[in-house]
Amino acid sequence: MRSDTIREGAARAPHRSLLHAMGWDRDTTGRPVIGIANSYSELIPGHLHLRQVAQAVREGIWSEGGVACEFGTIGVCDGLAMGHPGMKYSLPSRDLIADSVEIVAQAHGLDGLVLVVNCDKIVPGMLMAAARLDIPSVLISGGPMLAGTFGGKAIGLDAVFEAVGRHASGRMSDADLARMECGACPGPGSCAGLFTANTMNCLAEALGLALPGNGTIPAVSADRIILARAAGRAAVHAVRTSLSPRKIMTRAAFLNAVALDMALGGSTNTALHLPAIASSAGVPLSLDDFDALSAQVPHLCSLAPSGPFHMQDLHAAGGVPAVLKVLEGLGKVDGSAMTASGAPLRESFASAPGPDGKFISFPGSPYHKEGGLAVLKGNLAPEGSIVKKAAVDPGMLVHEGPARVFDSEEAAQEAIIGRRIRPGDVVVIRYEGPRGGPGMREMLSPTATLAGIGLDKDVALITDGRFSGASRGASIGHITPEAAAGGPLGVVREGDRIRVDIPGKRLDLLVSDSELQGRLAAFRPRRTETGSALLESYAARVGPASRGAVAERRSSP
């Protein structure tokens, strides 16, 4: 065992002395040491209850004969970081989280890990660490928040962001805005719709590193605590059977996750996170895989922001196992893929209910015949871009209009709030990519404001940045190469005609090839000054969004 390197032999007497200082005794000898990487925080509502989840994990580890050792990681609440420069730090935090878990696990010789997570970058960061380390690991999330209510309807945080636009346009009173903001988020958990956090927690089930129910059991449910204990036990069992992440997170597992993503209609951020995790596991995964499965897998669930339902509704209908069962029946999921439970994925959904036709549609009558995400290429996105097709109004699937060009989110938001965007426009936000931002900010504020003032069915928004999982409308992100890397987005001029063709999977600037090449030859990208050593370092080494925005490692000289 790895932990024996700090516990066994006369030369390790000093090490055992330090362990004794923490209350370890001879009874721990030979037991697997399981690290609990806990992202608990009093700054993130999705993480506020993770001490209780981690305690249940601890109980599971000890009951199975392991030694539980908890340590912390950082985390950023994307909702609180949204719409201001703090969002530049969200995506970089993914790499810092992965690095911190790797550092602790390697420095202390841990035998295994339980990753206690919930929100946005924390989930992929932890999974990247597990893939890098390849020591037995199980992921357990804190679970989704229950939906709130307003005006007798179930709502989530996305409704509050959109209410800002309605309020700005005079369509919502101060009193109603105040009532909504106090009613949308009733308690702890990751925000109630199929936004990035809940998407990733669901995909972790398909990847095999999380137990069934991880993505949908509500945060406040007793079943969440029961699942956490089971995760602790599973981690000890995985150590004893040498079941490590790279035996689980194979290419088949990643394709299972992409297929589930398409069926659920998940966040566009999965096109960043799954390739990044796959890269850490040494598994090839590209936007072409998303594109191929999008054409093959039907969209089966209509969850917010693209539909009226929330995570608690999906859970009541059977959760991820019920969706995986449908997908295996369609031949789109490999049920033989191994999971952290020690059993093949098929066993996790063997007893799942069939689709109910509402929360999980029948495969013969899906919400959409193709998957919830679409990859667009063209002369504006030679290496690809991504759109949440399931959240686009049918009338905006094909759109052509004049470019309204902005070099930052703030400039675009000011124009939207100031009612300077007109029906038919194509809003271009550039220099918000991984390098140009730096940090590739999520931009829920512009998309939600457009929806709130009633322009989401008339205006497209394209960017080399990215969108929150709560965004809806014709919002095309991750345009690669980004403007800061010399991409074509950087040479778009005010008033240029842009054509968005989601069914045709095209995103094009309507100028001649010679005109475009001439502009690119003369183009010199501008540099974003941040005043931050961390962001400058990130910008210098981050890779393109089309490959997961993974921080590139320096090769040996």
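For the atom pair OG (S341) and CD1 (I248), the distance works out to 8.0 Å, reported to the nearest 0.5 Å. A distance of 10.0 Å separates CG in N214 from CG in N198, rounded to the nearest 0.5 Å. Taking CG from D456 and CE from M396, the interatomic distance works out to 8.5 Å, rounded to the nearest 0.5 Å. The CD1 atom of I462 sits 5.5 Å away from the CG atom of L489 when rounded to the nearest 0.5 Å. Remark: S546 OG to I479 CD1 distance equals 12.0 Å, nearest 0.5 Å. Here CG of L534 is found 5.5 Å from CG of L96. Values are rounded to the nearest 0.5 Å.
In this structure, T528 contributes its side chain and G436 its backbone to a donor-acceptor pair below 3.5 Å. When atom types are taken as modelled, the side chain of D464 and the backbone of A483 share a donor-acceptor pair closer than 3.5 angstrom. No donor-acceptor distance shorter than 3.5 angstrom exists from the side chain of D496 to the backbone of V492, with no hydrogens or angles considered. Put simply, the side chain of S514 never gets that close to the backbone of S512: no donor and acceptor are under 3.5 Å apart. Side-chain atoms of R499 do not come within 3.5 Å of backbone N or O of E400 as any donor-acceptor pair. Counting only distance, with no hydrogens or angles, the side chain of S137 and the backbone of D134 share no donor-acceptor pair below 3.5 Å. Distance alone, capped at 3.5 Å, is enough to place a donor-acceptor pair between the H47 side chain and the S39 backbone. Proximity of a side-chain donor or acceptor of D158 to a complementary backbone N or O of A470 within less than 3.5 Å is not detected. Using a distance-only test at 3.5 Å, with no hydrogens or angles considered, no donor-acceptor pair links the side chain of D334 to the main chain of A252. Between the side chain of N118 and the main chain of G46, a donor-acceptor pair closer than 3.5 Å is present.
Between the side chains of T199 and S267, no donor N or O sits under 3.5 Å from an acceptor N or O. A side-chain donor-acceptor contact under 3.5 Å links T530 and E536. Remark: the E442 side chain and the S90 side chain contain no N/O donor-acceptor pair separated by less than 3.5 Å. At a cut-off of 3.5 Å, with distance as the only test, no side-chain donor of S385 or H478 sits close to an acceptor on the other residue.
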> Where do R472 and T447 land on the side-chain contact (heavy atoms from CB on, under 4.5 Å) test, with the steps shown first?
Replying inline: CA-CA 7 Å; R472 62 184 176 94; T447 60; over 6 Å; no
> When you look at R519 and E515, which way does the salt bridge (charged side-chain N to carboxylate O under 4.0 Å, His left out) test go after all the steps?
Replying inline: CA-CA 6 Å; R519 291 187 190 183; E515 169 69 15; 2.8 Å; yes
> Step by step, would you call L115 with I140 a side-chain contact (heavy atoms from CB on, under 4.5 Å)?
Replying inline: CA-CA 6 Å; L115 311 168; I140 174 70; over 6 Å; no
> Is there a side-chain contact (heavy atoms from CB on, under 4.5 Å) between L509 and L516 once you walk through the steps?
Replying inline: CA-CA 8 Å; L509 178 64; L516 179 57; 4.1 Å; yes
>> Run L376 and I386 through side-chain contact (heavy atoms from CB on, under 4.5 Å) and show every step you take.
In response: CA-CA 6 Å; L376 311 185; I386 193 86; over 6 Å; no
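Partners of D261 under the side-chain hydrogen bond (donor to acceptor under 3.5 Å, both in side chains) rule, at least two apart in sequence or in another chain, are T270. Applying the side-chain hydrogen bond (donor to acceptor under 3.5 Å, both in side chains) criterion to R246, with sequence neighbours excluded, gives no partner residue. Here D407 pairs with R430, R526 under the salt bridge (Lys or Arg N to Asp or Glu O under 4.0 Å) rule; sequence neighbours left out. Residues meeting the salt bridge (Lys or Arg N to Asp or Glu O under 4.0 Å) test with R94, sequence neighbours left out: none.
In this structure, the side chains of D95 and M128 come closer than 4.5 Å at one or more pairs of heavy atoms. The shortest distance between side-chain heavy atoms of M443 and Q413 does not fall below 4.5 Å. A 4.5 Å side-chain heavy-atom check between C119 and D78 finds every atom pair outside the cut-off. Put simply, the side chain of L91 does not reach to within 4.5 Å of the side chain of V542, judged on heavy atoms. Residues S242 and K247 form a side-chain contact, since some pair of their non-hydrogen atoms from C-beta on lies under 4.5 Å apart. At least one side-chain heavy atom of M82 sits less than 4.5 Å from a side-chain heavy atom of S468. Side-chain contact between T73 and V101: present, with at least one pair of heavy atoms (C-beta onward) separated by less than 4.5 Å. Side-chain contact between Y89 and L535 is present, with at least one heavy-atom pair separated by less than 4.5 Å.
P212 and E205 make their closest contact through CA-OE1, 3.4 Å (heavy atoms, listed as atom of the first residue, atom of the second, distance). The nearest pair of heavy atoms linking C202 to L264 is CB-CD1, 3.9 Å. When every heavy atom of P245 is checked against every heavy atom of A130, the shortest pair comes out as CG-O, 3.5 Å. Closest approach of A231 to L211, counting heavy atoms only: N-CD1, 3.7 Å. Closest non-hydrogen pair, L194 versus K388, comes out as O-NZ, 3.5 Å. What you find for N269 and R466 is that their closest heavy atoms are OD1-NH1, 3.0 Å.
Pairs engaging residues 480-495 under the side chain to side chain donor-acceptor pair (under 3.5 Å) rule: R404-E494 [sequence neighbours left out].
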Only pairs under 3.5 Å count here: list side-chain donor-acceptor contacts from residues 275-289, not counting sequence neighbours, and write none if there are none.
| from | atom 1 | to | atom 2 | distance (Å) |
| --- | --- | --- | --- | --- |
| S280 | OG | A276 | O | 3.3 |
| S286 | OG | D288 | N | 3.2 |
| D288 | OD1 | K377 | NZ | 3.4 |
| D289 | OD1 | R251 | NH2 | 2.8 |
| D289 | OD2 | R251 | NH1 | 3.3 |
| D289 | OD2 | S286 | N | 2.9 |

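A salt bridge is absent between D508 and R497; no separation between the charged side-chain nitrogens and carboxylate oxygens falls under 4.0 Å.
Taking the six-membered ring for Trp and thresholds of 30 and 60 degrees, H299 and H368 have nearly parallel ring planes, at less than 30 degrees apart.
Of the candidates V375, I498, D501, V426, L507 forms a side chain to side chain contact (heavy atoms under 4.5 Å, CB included) with just one, namely I498.
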